Amino acid sequence: MKTIKYISIVLILILGISSCELPDNVDPKNPVEVPAGTLFSNAEVALVNQVNHMSVNRNISRLIVQYWQETTYFDESRYNFQDRKIPDTYALLLYRDALMDFKETKISLNSQELQLAQATERDNKVHICSILEVYAWHCIIDAFGDMPYSQALLGAENTTPAYDNDADVYTDIIARLKVAVAGLNASEGSFGSADFIYNGDVALWKKFGASLLLRLGMRISDFDATAAESAVTTAIDAGVYGSQDESGILYYSGVTPHVNTIYDGFTIDGRKDYLPTTTLVDKMIELGDPRLPLYLTEYEGEFIGAIPGLDGAQSYNNYSHFAPRFFEASFEAILIDYVEVEFLLAEAAERGIGATGAADHYANAITASVIYWGGDETAAIDYIATVPYASATWKEILGTQKWLALYNRGVEGWAEWRRLDFPILNVPEGMVYGDIPCRMPYPYDEVAQNGANYYAASDAIGGDLTSTHVFWDVY
Amino acid sequence: MRKFTILLAIIFLGGLQVAFAQTKITGTIVDADNGSTIPGVTVLVKGTTVGTTTDLDGSYELLVPADGNTLVFSFVGMVTQEVEIGGRGVINISMAQSATALDEVVVTALGISREKKSLGYAVQEISGDAVSEVRETNFVQSLSGKVSGVHIRQSNTLGGSANILVRGTTSLTQNNQALFVVDGVPINNNNTNEDRSIANSTANQNDGWGGYDYGNTAMDINPDDIESISVLKGAAATALYGSRAANGVILITSKKGTKSGKGIGITVSTGLVLSQADMSTAPQHQNKYGGGYGPFYESETGDPATDYYFFWTDLDGDGVKDFITPTSEDASWGAEFNPDVDVIHWDALDPSKPNYAEKRPWVAPENGLEYFFQTGLKWNTNIAFDGGNENGSFRLSYTNSDETGIVPNSSIKKNAVNLNANYNFSDKFSVDASMTYSNTKGKGRYGTGYNGLNVMQSFGQWFQTNVDFKRLEDNYLRDDGSQLSWNSGYYDDLHPIFFDNPYWVRNKSFEDDTRDRLFGFAGLNYELTDWLTFTGRISLDNYSETQNERVAVGSVDASYFSSFTRNYNELNTDLYLKFNKRVNDFSFNGMVGTNFRQNKISMLLGQTVGGLVVPDFYAISNSVSPVSVVEDLIEKGTNSVFGTFSVGYKDFVYLEISDRYDVSSTLPIENNSYNYYSGSLSFLLSELGGLKDLSFLDFAKIRANYAQVGNDAPVFSTISTYSQGTSWGSNALFSVNSTLQNADLLPERTTSIELGLEMRFFDNRVNFDVAAYKSNTVDQIMPVLVAPSTGYTRMYFNGGEIENKGLEVALMTTPLKLSDFEWNIGINWYTNKNEVLSLYDDVQNLLIFSAWDVTVNATVGQPYGCIKGTNFVYTDENGNTEDADGNLLTEENGSKTVDESGYYLVSESGEEIIGNINPDWNMGINSTMTYKGVRLNVLFDFQQGGDVYSVATKYGQATGVYEETAEDNDLGNPMRDPVDEGGGYLYPETVNADGSPNTTYVPAYRWGRAFYYNNSPTARYVFDASYIKLREVSLGYTLPKKVVDKTPFQNITFSIIGRNLAVLFKNTKHFDPEAGLGSGNNQGIEQGSYPVARTFGFNIKFGI
């Protein structure tokens, strides 16, 4: 009797153990594999969002280059990068969200065994990823100077990537871009509807790539004229934009969260944090720019800008505001456009590399810009007559007009202002002209997370200061 | 593993041979002081686990094994007695009250009652009354100051979580909260907001960016049902519970029915508690200047008192321009209050209201911040029925509590039912079961963090001090149902710009939540022989909760609704063989067992996107854009075998060893098992020849232990998956997960050693228990924050070591003891020194969390929770900023330095160590006086040290809301006056770069020049969190038996209670030094915290 009991207890113990299978340790609600196109979509949107964003936590380029001024909380307009760790977010969103997903897209694509037409389509996709990767890289380098490149994006293989020389990175990305542009084959498609910029149109991507190559070539023109010329001629030969409707523009879907950043900040969040600056408004009034009422509204019958970098609050109600179209949910973000290409060609012609007819390109640029913003051609022609092209003062003329045309495109506007040194911005209260940043400080967390490489890079560029120039900013 | 179990079973079962006879002993136990019977006394056969408790009439009945010759009677607050049985069948005793019980019996791991003297580790026990009497909504908070080594940090929100750390932080990034176990059922103690981080969705409430603190779920344990609480502190005490208990165990024994055989006893307890805001822990507003950022607006009067300080237009149509409050501004650097200046205030801007364009003097408001906080009310009623006969007993208890908070429109309602039952089918076979069902409904919990739904964000940081709180309440709704806020865009644009009217927030954008929980166990016990018992149990903890959050249409933020549902399930199957035997001078006891644990958590978060279509209609489908849904399903399990073996010699020396082997699903399959063990020794010095004869020494014991505990990995940390973004039209978006998983993880391990000494003197008038311990946790599994250029935010690695060293002292004294009067003082003092010895690889710093310019870190060589940011620059009188060794000077050897403009110089590095969140020490002093039936208890709670960074102070000073921005300077002039007129602010005790005393006044006005955070190092907002609090006062009166006998009642007790009555000392001006964001590892940052709720109330308890 007793024995039976003991045996039954032993049986219970054994049964208890064998009946307890451990569950798998795989997250059942997040996939281990996804289609390449979904990664590309995410990367493309991440890239455009970061370049276009106006959040003071992410991207303050519009404030730096004095298109905009904050109303009440004006720290960032006075170049405080640290409080909101803006460099950290800027780098994070480009590396982790854009570049990492482009990389993953390519890994996914290249893992497929394909034949002929399918292989061509796959190659097109890979090249498009490369073009947008180059775009992200130059935004990183332009903002910081030396940054991790060759050792970046390796995950656990290298948790403390060394920084690469900024000029070397440019050399490499220009080479990658040339390969990508040459490799695109318009006889086959690419990402289709997963591509929100061109809907997979390979011919347009080729023009995007060539135009970007033109931009990068011109960007290094003061630093390395030979390399610049090579890039510019390659670009022009491959075929840059010929009209504004070919431009690389993302129209937001207008459905949250895929909405324009101004709509997001002003309409959804109901905030009134930004005003146009006197730098912008006064310059446009001075030049009689027909885009002024297209960019801005009047306050009590006048266009009034806020003082950039003022060490005090400026009440939103007492100034000009952004024109209504900027507040639309689907209002577009421009990565690169025909207007910009014409300005670049004008400068290339002026410098005698790969193009001719600076004045014509200059006029084309302004005309296209005015029309794009809703003005008419006559107004543009009249305006050009008052601000004619002049070779002797080409930097000021191109710099100023490009800055005006790049309105609402802070990242590119800031880069070209640094390179062309025009227009002359206003000095924020209590500062000197040199305090206007020529680069962003390195991400603040680098000291803790990648300290040795950070200090080496900081020394290499001449100090982790906002006054340090990136390599192409020779003057 | 299966073989191992069979082997164990055979070894222990093989030893079975003889069955012993048993004798039945009955008796009644009375209080020596008044002769009343004492229910609930533990009666234990010495050296065994055989025992019972006395019923409501103080009587007991016990079957004693033949070799049992001594009974041990113990009860909290009474002197434990040992009585030789000597062949008697009836043993009646009277027990005397005492500060401490000599031979206490305490509950240890897995619910095993043990004589405290036999234990080689620290266990501290407190009675259920200590938490049930004071009626905290979250009873965990009421442990503060009562147990040494247990550090509680409360949040001041209604029903919010309490952070409970036992002996410091051991895990860098995983859970460090103590485990709660009720009658052997592990009770999940997650804070749901922290737990959501498992989902790749919502931000943590705990990060300080908003959200509600829904409380840690251990608060579902009903204080009315708690008989006693046993705190197992070190790894040796908890090793049997496995890895989850590495942070200590709060072991709760619930009240059981008694075997009186006299029908049913009914106990009723009911009470009312009022709560009020302790305004000394709230932001201190200035009352001299009104709203605005400075003279930046429209009024061109030529009078510096009003020039540009106001909006300016002819609103009332009388042809003269009127001053209008600059409503768009959320700061208080505006015009000086002046009764001669008439202003149209924010509440007179609604054209549809009769008071439109009405002017009132520009003066400080009649109703300040204190008006906002209301008196909270809490009704609590508990009815318990218990009864039984010689074969079994039950206890059924029902509790209802209904509570409103100090913030408008907040409430928590709770209902709980607990049933405990056991039955002996035979001398050998018994079953027992317990079940608790609870339902908690919350509404309008307080918003937290840097978020508009936290009204304190505005009150403490962004506010206009001219705003009258009664007017806020009276005017928050316009006739059309839209909002009127003090902070609208313009006088003709009444949409709120930065901050909603706080009454709008509370009444329109509130949350609601509900949680239904069922936990309990069913078990059977079979006495195989008189020394060997088999127990099988299944225990369950299951809850489902729903949290609905809303933002009303017309708020500053986009309107929103979300519904979060979570189902939690934990099932434990336990099989034990317990043995207990004396052989001559040796006593043996121990057990072997297995445990299978399965956890399943499913979560669903549905959110509207882009706002609500129909106002005031809260359904996820009422979404402008396609809704967002986040789903999570987590399953994990562990299989374990364990055993413990204790041997005692002559009740003089005891040795205990234990071992546990776990297999966990969260570790990589090839490394998924781990074994750990402990050993402890207890040595009764007072039994030694020389010491035994010392008349003043009653008891002395030293104890020592060594233990190792393993811990598994967070779930899903070994295999990477993609995370999904919001689809673009019909296109899905996927991204590489920002955290890189690691397939090579190993289990974490903690080893600890502990030494303890317990001594009692002078008839137990003085006794103490001292413990010293050291624990080291290695191979920590941590999601290391990595450079973004790696392509990831975090990566999982094993590495690192944390060391905790501490000292705990529990001292009990009875300074005065007369025939009717006794005064006891108990002191719990403890200190824990924590150091991060290493991290992964060369990593020197692990970010725990950050806010603005401050970070809280685990830094090598520093305590866990090292606060970093920019520091002051310290200069000595010679102008040096470094000492001879090149180290930066500190406040010890230098003075804070200012630049040539008179503003603080800020250190070059933003990584300076400027604080440590860990207190130097904590102490609770508890005084209890009893006189006949009257009992007065007073508890003081002390903390020395521990730093906190205050976001509220940083902004509250910068916006001119705080008192110190509107005081007179040291020249006796208003500091807001221009510097050239004798105004301005001189940073106190500062020097110039050359070391000479600073005499440069800086302007106080305009965006708070003097207090502006951008002129200041991070260190300026780091405060010492030391405090002395009058934590608890209670006065109880138990009616004498003579009186009660004339009533239909069996006993009646009245009590008056108060909690958090006063902060007697603190170094933080505008907030409670104890306030945190909630439970979890994110501590040390104050972010819009609420004032302490001071509570008072009364309670009546009677038995029928």
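We use all heavy atoms of the structure for the numbers below, so side chains are in, but hydrogens, waters and symmetry mates are not. Within every chain, numbering begins at 1; the chains are lettered A, B, ... in the order of the sequence lines, protein sequences first and strands thereafter. None of these values were measured; they are calculated from a predicted model.
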Identify whether the distance between the nearest side-chain nitrogen and carboxylate oxygen of B:D853 and A:K85 falls below 4.0 Å.
no
Best-contacting candidate, A:P161, A:A452, A:A329, against chain B by heavy atom pairs under 4.5 angstrom
A:P161
Of the listed B:F296, B:W728, B:Y1012, the one with the largest count of heavy-atom pairs under 4.5 Å with chain A is B:W728
Among B:L667, B:N857, B:T793, B:T855, which residue forms the greatest number of heavy-atom pairs with chain A at distances under 4.5 Å?
B:T793
Considering non-hydrogen atoms only, spot the tightest contact between B:M795 and A:T159 and give its length.
SD-CG2, 3.8 Å
Specify the closest pair of heavy atoms between B:A787 and A:E446, including all atoms of both residues, with the distance to one decimal.
CB-OE2, 3.2 Å
Count the heavy-atom pairs under 4.5 Å between each of B:G725, B:S555, B:S738 and chain A, then report the option with the highest count.
B:S738
Kindly give the heavy-atom pair with the smallest separation between A:L22 and B:S664, and that separation in Å.
CD1-C, 4.1 Å
Worked verdict on A:D83 versus B:K954 for side-chain contact (heavy atoms from CB on, under 4.5 Å)
CA-CA 12 Å; A:D83 218 36; B:K954 164 177 166 146; 3.2 Å; yes
Highest number of heavy-atom pairs under 4.5 Å with chain B: which of A:P148, A:G155, A:A152?
A:G155
Are side-chain heavy atoms of A:Q82 and B:T870 found at a separation under 4.5 Å?
yes
Chain B interface, residue from A:A91, A:S193, A:G37 that has the most non-hydrogen pairs under 4.5 Å
A:S193
Pairs of heavy atoms under 4.5 Å with chain A: top-ranked of B:G489, B:G611, B:G294, B:G910:
B:G489
Under a 3.5 Å threshold, yes or no: a donor from one side chain and an acceptor from the other, between A:N80 and B:N1014?
yes
What is the distance from atom NE2 of A:H258 to atom CG of B:L733, rounded to the nearest 0.5 Å?
5.5 Å
For side-chain hydrogen bond (donor to acceptor under 3.5 Å, both in side chains), just list the numbers for A:D101 and B:S735, CA-CA rounded to whole Å, side-chain angles, deciding distance to a tenth of an Å, and then say yes or no.
CA-CA 6 Å; A:D101 285 344; B:S735 181; 2.7 Å; yes
Okay, A:E33 and chain B: the region with an atom under 4.5 Å from a heavy atom over there is backbone
Go through it in stages, so that I can follow the logic: the residues are B:E911 and A:Y444, the test is side-chain contact (heavy atoms from CB on, under 4.5 Å), and I'd like the CA-CA distance, side-chain angles, deciding distance and then a yes or no.
CA-CA 9 Å; B:E911 299 287 318; A:Y444 294 97; 5.8 Å; no
B:W1007 side chain near A:F74 side chain, heavy-atom distance below 4.5 Å
yes
Could you state the interatomic distance from OG (B:S789) to OH (A:Y163), rounded to the nearest 0.5 Å?
6.5 Å
Most heavy-atom pairs under 4.5 angstrom with chain A, which of B:D330, B:I669, B:D493, B:N742?
B:D330
Side-chain touch A:D24/B:S665, heavy atoms, less than 4.5 angstrom:
no
Nearest-0.5 Å distance that lies between atom CZ in B:F734 and atom CG in A:N42:
9.5 Å
On the 0 to 90° scale, with breaks at 30° and 60°, tag the A:Y73-B:F498 ring pair as parallel, tilted or perpendicular.
perpendicular
Which pair of non-hydrogen atoms, one from A:P257 and one from B:T726, has the smallest distance, and what is that distance?
CD-CG2, 3.4 Å
Between the CG atom in A:N318 and the OH atom in B:Y297, the distance rounded to the nearest 0.5 Å is 10.0 Å
At their closest point, which heavy atom of B:F716 faces which heavy atom of A:P28, and how far apart are they?
CZ-CD, 3.6 Å
Do the non-hydrogen side-chain atoms of A:D311 and B:R1009 ever get within less than 4.5 Å of each other?
yes
Which value, rounded to the nearest 0.5 Å, describes the distance between B:D632 atom CG and A:N30 atom CG?
6.5 Å
I would like to know whether A:Y95 and B:T790 meet side-chain contact (heavy atoms from CB on, under 4.5 Å); could you show each step before the answer?
CA-CA 8 Å; A:Y95 276 110; B:T790 59; over 6 Å; no
With side-chain hydrogen bond (donor to acceptor under 3.5 Å, both in side chains) as the criterion, how do A:N25 and B:T718 come out once you've worked through the C-alpha distance, each side chain's angles and the decisive distance to 0.1 Å?
CA-CA 8 Å; A:N25 195 33; B:T718 56; 3.1 Å; yes
May I ask you to test the A:Q449-B:P788 pair for a side-chain heavy-atom distance under 4.5 Å?
yes
May I ask you to name which of A:D97, A:D445, A:T256, A:N453 has the most heavy-atom pairs under 4.5 Å with chain B?
A:T256
Is B:T859 in contact with chain A via its backbone, its side chain, both, or neither, using a 4.5 Å heavy-atom distance?
neither
Considering all heavy atoms, the nearest B:F311-A:S315 contact
CE2-OG, 3.9 Å
Would you mind reporting whether A:T38 and B:Y722 have side-chain heavy atoms less than 4.5 Å apart?
no
Assess the residue pair B:Y1013 and A:D75 against the criterion (side-chain hydrogen bond (donor to acceptor under 3.5 Å, both in side chains)); give the C-alpha distance rounded to whole Å, side-chain angles, the decisive distance to 0.1 Å, and a yes or no.
CA-CA 10 Å; B:Y1013 56 89; A:D75 292 339; 2.3 Å; yes
Nearest 0.5 Å, what's the CG-CZ distance between B:D557 and A:R271?
9.0 Å
Pick from B:I719, B:L740, B:V854, B:L785: which one has the most heavy-atom pairs with chain A under 4.5 Å?
B:L785
